[in-house]
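Below you'll find the structure, written out as structure tokens, and then a few comments.
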Amino acid sequence: MRSHYCGQLNETMVDQTVTLCGWVHRRRDHGGVIFLDMRDRDGIAQVVVDPDTAEAFANADRARSEYVLRISGRIRLRPEGTQNANMPTGMIEVLARDVEVLNTAATPPFQLDEHGRVGEEVRLKHRYIDLRRPDMIDKLRLRSRISHTVRAYLENQGFLDIETPILTRATPEGARDYLVPSRTHAGNFFALPQSPQLFKQLLMVSGFDRYYQIAKCFRDEDLRADRQPEFTQIDIEASFVEEDDIMAITEGMIRQLFQEVLQVQLPEFARMPYAEAMQRYGSDKPDLRIPLELVDVDDLMKDVDFKVFSGPANAEDGRVAALRVKGGASLTRKEIDAYTDFVGIYGARGLAWIKVNERAAGIEGLQSPIVKFMDGVVEPLLDRVGAEDGDIIFFGADKARIVNEALGALRVRLGEDLDLYTAEWAPLWVVDFPMFEADDDGRLQALHHPFTAPSCDAETLRQQPAEALSRAYDMVLNGTELGGGSIRIHDQAMQQTVLETLGIGEEEAREKFGFLLDALQYGAPPHGGLAFGLDRLVMLMSGARTIREVIAFPKTQSAACLMTDAPGDVSAQQLKELNIRLRQKARTENAGD
């Protein structure tokens with residue numbers, strides 16, 4: 001029905017006859033001549049309709065915003081003084097010969113160029129309108145190109161695209177499963193996969209030594225800007241590899257992706273052990289563009305009169321850390337109070353601070369409500385953090401986990417608010433993760449998942465599980481975890497040892513993933529892999545603020561779809577077929593049923 005997209009037209013095509021299909025972006029009537037801005041996924045072209053083409057003029061006259069039209073006409077240069085250099089098609093226009101109204105449109109709930117004034121709920125309710133915006137089209141076009149480039153790279157590296165099941169069984173992978181009741185197996189449930197983890201390992205056992213998949217994954221967890229209940233992974237697994245092999249393959253993929261899609265040459269990927277990242281940045285995904293670091297001052301605070309500091313400094317699981325912000329003494333008390341409220345989100349009970357107005361003046365040159373409690377340690381403290389005139393020093397004092405989360409988040413917030421970034425892109429590999437972490441009850445749980453290989457032998461793992469490191473690695477870019485992976489356990493005895501360490505007995509292990517344990521008996525090769533979050537990758541590369549902006553039909557923060565009104569009720573007949581009765585309905589229905 002069309003010969004060209006609107007955005008393809010340019011001044012080299014003058015005098016050509018073209019046929020365009022699209023939506024009316026804007027209509028203007030200038031003294032008997034009608035101007036239509038026609039829009040499709042490629043751009044906007046100006047169409048001029050003169051009254052001497054009577055039928056075309058009549059159709060253009062009744063056209064309104066978002067009407068669907070098909071027009072044919074001749075391309076010509078715009079008259080001098082009416083050209084638009086800021087528009088790709090701004091040098092030309094189409095003089096219409098035929099205008100056909102393919103469909104009318106109701107008044108849209110918001111104008112596409114005024115979406116910023118509309119709440120996100122309205123945009124998500126009418127997502128099919130929101131997706132017409134050029135900004136959204138560009139993001140989804142970028143997503144498509146990223147997926148294509150990834151596929152081409154991995155295919156060239158010898159990886160096979162293999163799909164894995166969506167209906168599977170629940171396995172312990174760190175989040176709640178989405179469950180699907182089975183009609184044919186009454187009382188039993190499928191689970192939607194949190195990742196293809198077990199199946200890709202089985203593919204390695206099967207001899208498909210290089211697998212990839214752009215896979216849908218599902219996790220029933222609390223949402224935030226970079227989480228959705230259903231998300232997309234670039235899933236990669238290979239056999240007969242070690243950490244450096246997987247890291248080289250995937251780093252090469254990301255480098256090529258940025259080069260081809262954004263024309264960006266990423267700098268060198270730094271490598272940093274997990275323990276160092278937590279100590280210096282309070283995060284296992286530090287944004288290295290921000291030149292702020294946490295400095296331990298526990299030893300200086302053990303004997304101070306300020307219990308807020310001395311308590312954690314003497315506690316086994318405590319930490320006292322300082323965060324020096326160069327030039328931060330200009331922050332107002334209102335701003336400091338706002339940062340205090342901010343760290344409270346992460347469990348911090350306050351935010352102590354010292355402003356260094358004139359260091360040479362000693363205590364008199366400092367401004368702080370806590371200096372009077374720190375007799376004898378102020379100068380050593382200032383020396384340790386490298387404080388200079390005009391700086392502010394923030395402190396965190398509590399359990400190490402709370403200090404890390406609170407000051408780590410504050411560091412990022414200050415980087416944003418004060419525009420402290422020193423580079424556009426800062427890639428990083430975080431390595432040497434702990435094998436386990438303790439939950440609130442002191443029980444060990446896998447930091448990544450229970451199929452991650454430890455860097456020690458089974459006996460050492462049994463004797464010192466809390467000190468064991470894993471063969472895991474995360475790729476971080478600008479403070480966002482792009483992907484994480486590990487070398488997997490390929491030995492059945494080691495897998496059993498890890499499960500026992502996690503308190504998963506043989507019966508439970510057989511019930512949850514006996515099929516994997518069985519497979520490991522039959523010549524499982526050494527293997528490992530990495531999974532990237534495609535949504536997060538597109539978010540970073542497009543400059544979007546949330547992954548909802550780069551997913552065609554996302555869910556809200558409460559995991560609902562406003563457009564389709566999902567999740568929704570199902571009929572009584574459907575529930576009956578699934579052998580399910582809802583408690584709330586049961587109370588209101590026939591009591592004798």
Would you check if the side chain of D341 reaches a backbone N or O of A338 as a donor-acceptor pair within less than 3.5 Å?
no
Polar contact flag, side-chain donor to acceptor under 3.5 angstrom, Y153-E155:
no
Using 4.0 Å as the upper bound for N to carboxylate O, is an ion pair formed by D37 and R28?
yes
Could you check if a side-chain atom of L160 sits within less than 4.5 angstrom of a side-chain atom of Y212, using non-hydrogen atoms only?
no
How close do V343 and A406 get, heavy atom to heavy atom, and via which atoms?
CG1-O, 3.8 Å
Looking at R70 and D98, is there a salt bridge between them, counting it only when a charged N and a carboxylate O are closer than 4.0 Å?
no
Distance-only, no hydrogens or angles: does the R2 side chain make a donor-acceptor pair with backbone N or O of C21 under 3.5 Å?
yes
Is there a side-chain contact between F532 and M475 (heavy atoms, below 4.5 Å)?
yes
Does any N or O in the side chain of Y178 come within less than 3.5 Å of the main-chain N or O of E230, such that one atom is a donor and the other an acceptor?
no
Lys/Arg-Asp/Glu bridge criterion (N-O < 4.0 Å) met for E293, R324
no
Say whether, by atom type as modelled, one donor and one acceptor occur between the side chain of T422 and the main chain of R289 under 3.5 angstrom.
yes
Output yes when a side-chain donor or acceptor of R548 lies under 3.5 Å from a complementary backbone atom of R545, and no otherwise.
no
Basic-acidic side-chain contact under 4.0 Å: R271, D244
yes
Specify whether F269 and W429 have parallel, tilted or perpendicular ring planes, treating 30° as the upper limit for parallel and 60° as the lower limit for perpendicular.
tilted
Looking just at side-chain N and O atoms, do T480 and N478 make a donor-acceptor pair shorter than 3.5 Å?
no
Would you say the side-chain atoms of S368 pair up with the backbone N or O of W353, donor to acceptor, closer than 3.5 Å?
yes
Lys/Arg N to Asp/Glu carboxylate O, D474 vs K285, below 4.0 Å
no
Closer than 4.0 angstrom, basic N to acidic O: yes or no for E260 and R255?
no
